[in-house]
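Below: one structure, written as structure tokens.
Order of appearance sets the numbers: ligands from 1, and atoms from 1 within every ligand.
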Amino acid sequence: MAKNIQAIRGMHDVLPHSSPHWQYVEQVIKEVLSAYGYSEIRLPIVENTELFKRSIGEVTDIVEKEMYTFADRNGDSLTLRPEGTAGCLRACLEHGLLHNQVHRLWYYGPMFRHERPQKGRYRQFVQLGVETYGMPGPDIDTEILLLSERLWQRLGIREHLELQLNSLGTTEERLLYREKLVEYFTSHSDQLDEDSQRRLMSNPLRILDSKNPQIQQLIANAPMLMDYLGEESKAHFSDLTDTLDELNISYTINPRLVRGLDYYSKTVFEWVTDQLGAQGTVCAGGRYDGLINQLGGKPNYAVGFAMGMERLLALLEAGNRLVNQPTVDVYLIVVGDRAEKASILIAEKFRNDLPKLKLQMHCGGGSFKSQFKKADKSGAEFALILGDDEVDNDKISVKPLRTKNDQQLMTHQEAISLLQQFGD
Ligand code: HAM
């Protein structure tokens, strides 16, 4: 027998019992985003490989080893997007959206990274991304943090998330710091692991992000970027933290937070949880003014974040915060030849009169008993029963499935009135 073909490792199906959970979270996200005046942008899933190399950085895990890159039939090198920031900025530059304008945008969809799959880490995963352009001040940095915090509040998970903040300063400040860091790590290079040795010259800040327990002490004693920030960067950061204090939003300053993508400057942040094991970062982002110039645009301002939907859903699941809503209100049981003929028209009549009613019609025959079982299992509030007698008398029987009330024979109009609660 032929072997079944399975999904690609690290790529998952969302099955029908889970998709209502996704829809619920997506709905709440959309409500929060529109409360802050953000607009949706829809972007391609495939971009030129060069875009990601230039933006995320050549010496990052993503570009070095995680991209799904292939030559298309013209021989062009294309890549399945590993994240959305680069594509969003590419689109805005291409369509002239950044010139003398301010934008608050969001996008939603699958991203691809060839990482080692484990709980919370997939090769295809969904991100909700938020990107804003044209605003230099810490006010917009604060706004996107407040927006994400409001979302956690709405979803009832605020208590499980910690906001970690850091400032990476300007490019010049980071260059100066980089020199100090290279000096420090070079003088202790015998203690560095192979990965960090490699990063020493190419991307020394990433050594700070190492999870290797053997070099944690060395990292703890390394110079701090905060000590190399200029006045402007310091003021930007303290303005942000002052507003958060005023609003009573708790946060932790994590001077080792450097992020895995190269385009950040000034504010960076992560929302992390201890409920999901090793993959505890649910949402992350920061300011990336310099990337605009790097991709060929005039100097401008940009700040944003992305959240991992699988991790967000896992966090909601861990707290039992996802209730299964029935997918139907009414199940139409159909027994008899004349009933089967009439049922489609009758079901359509109910749907015409009650456009929001969720009515599932039984198809495929079977005994009253077996159909009744299906009606019960569907989670519907009522069964509508159509037998040949009902058809002959132009009536329908209505049986409440969740209360002890009796089944009643009524006209279609009476049944429609009874079901009005679901219909508008
Ligand atoms: P990132 O930190 O690479 O940033 O990803 C953001 C979030 O996506 C992570 O915190 C995590 O929740 C989720 N995520 C990342 N990789 C995986 C994976 N393999 N499996 C499941 N979830 C994952 C960015 O992507 C930036 N573009 C964020 C940004 C937007 N910065 C500014 N604007």
Do any N/O atoms on [X] end up under 3.5 angstrom from N/O atoms on ligand 1?
X: V282; result: yes
X: L261; result: no
X: Y263; result: yes

Using a strict cut-off of 4.0 Å, indicate which atoms of ligand 1 neighbour a heavy atom of [X].
X: E83; result: 25 (O), 26 (C), 27 (N)
X: Y288; result: 32 (C), 33 (N)
X: R121; result: 19 (N), 20 (N)
X: G285; result: 31 (N)
X: F305; result: 29 (C), 30 (C), 32 (C), 33 (N)

Side-chain donor-acceptor pair under 3.5 Å between [X] and [Y], yes or no?
X: H188; Y: N221; value: no
X: E143; Y: Y36; value: no
X: R174; Y: S233; value: no
X: E31; Y: Q27; value: yes
X: E179; Y: Y228; value: no
X: S196; Y: D193; value: yes
X: Y263; Y: T85; value: yes
X: S189; Y: Q197; value: no

Going by heavy atoms, is [X] under 4.0 Å from ligand 1?
X: R311; answer: yes
X: R259; answer: yes
X: P82; answer: no
X: W271; answer: no

Exercise. Is it the side chain, the backbone, both or neither of R113 that has a heavy atom closer than 4.0 Å to ligand 1?
Worked result: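 Just the side chain.
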- Message: Side chain, backbone, both or neither: which applies to E131 and ligand 1 if a contact is any heavy-atom pair less than 4.0 Å apart?
- Response: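 Under 4.0 Å from ligand 1, E131 contributes side-chain atoms alone.
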Considering only the protein, which heavy-atom contact is closest to [atom], and what is its distance?
atom: atom 32 (C) of ligand 1; result: G304 O, 3.2 Å
atom: atom 21 (C) of ligand 1; result: G120 O, 3.3 Å
atom: atom 9 (C) of ligand 1; result: T281 O, 3.9 Å
atom: atom 6 (C) of ligand 1; result: Q127 NE2, 3.3 Å
atom: atom 20 (N) of ligand 1; result: Y122 N, 2.9 Å
atom: atom 14 (N) of ligand 1; result: F125 CE1, 3.5 Å
atom: atom 13 (C) of ligand 1; result: G308 CA, 3.6 Å
atom: atom 31 (N) of ligand 1; result: Y264 OH, 2.6 Å

For the pair K234 and D239, evaluate salt bridge (charged side-chain N to carboxylate O under 4.0 Å, His left out) and give the outcome as yes or no after the intermediate values. CA-CA 8 Å; K234 275 190 195 150; D239 200 316; over 6 Å; no
Notebook entry, point to check: With respect to D61, which candidate in R199, R121, R198, R259 satisfies the salt bridge (Lys or Arg N to Asp or Glu O under 4.0 Å) definition?
Noted result: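 Output: one option passes, namely R199.
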Pair R206-D209, salt bridge (charged side-chain N to carboxylate O under 4.0 Å, His left out): steps then yes or no: CA-CA 5 Å; R206 290 285 290 149; D209 215 22; 2.4 Å; yes
Discussion item. Can you classify the ring geometry of H362 versus Y331 as parallel (below 30°), tilted (30 to 60°) or perpendicular (above 60°)?
Written reply: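 Geometry flag for Y331 against H362: tilted rings.
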Q. Any Lys/Arg nitrogen of R113 or E83 sitting under 4.0 Å from an Asp/Glu carboxylate oxygen of the other?
A.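 Judged by the 4.0 Å cut-off on N to carboxylate O distance, R113 and E83 do not form a salt bridge.
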Notebook entry, point to check: Taking the minimum heavy-atom distance to atom 30 (C) of ligand 1, which of D61, T85, V268 ranks first?
Noted result: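 Nearest option to atom 30 (C) of ligand 1, by heavy atoms: T85.
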| said: For a side-chain hydrogen bond (donor to acceptor under 3.5 Å, both in side chains) check, start with the C-alpha distance between N324 and H21, then their side-chain angles and the critical distance, and finish with the verdict. | reply: CA-CA 8 Å; N324 278 322; H21 300 160; 2.8 Å; yes
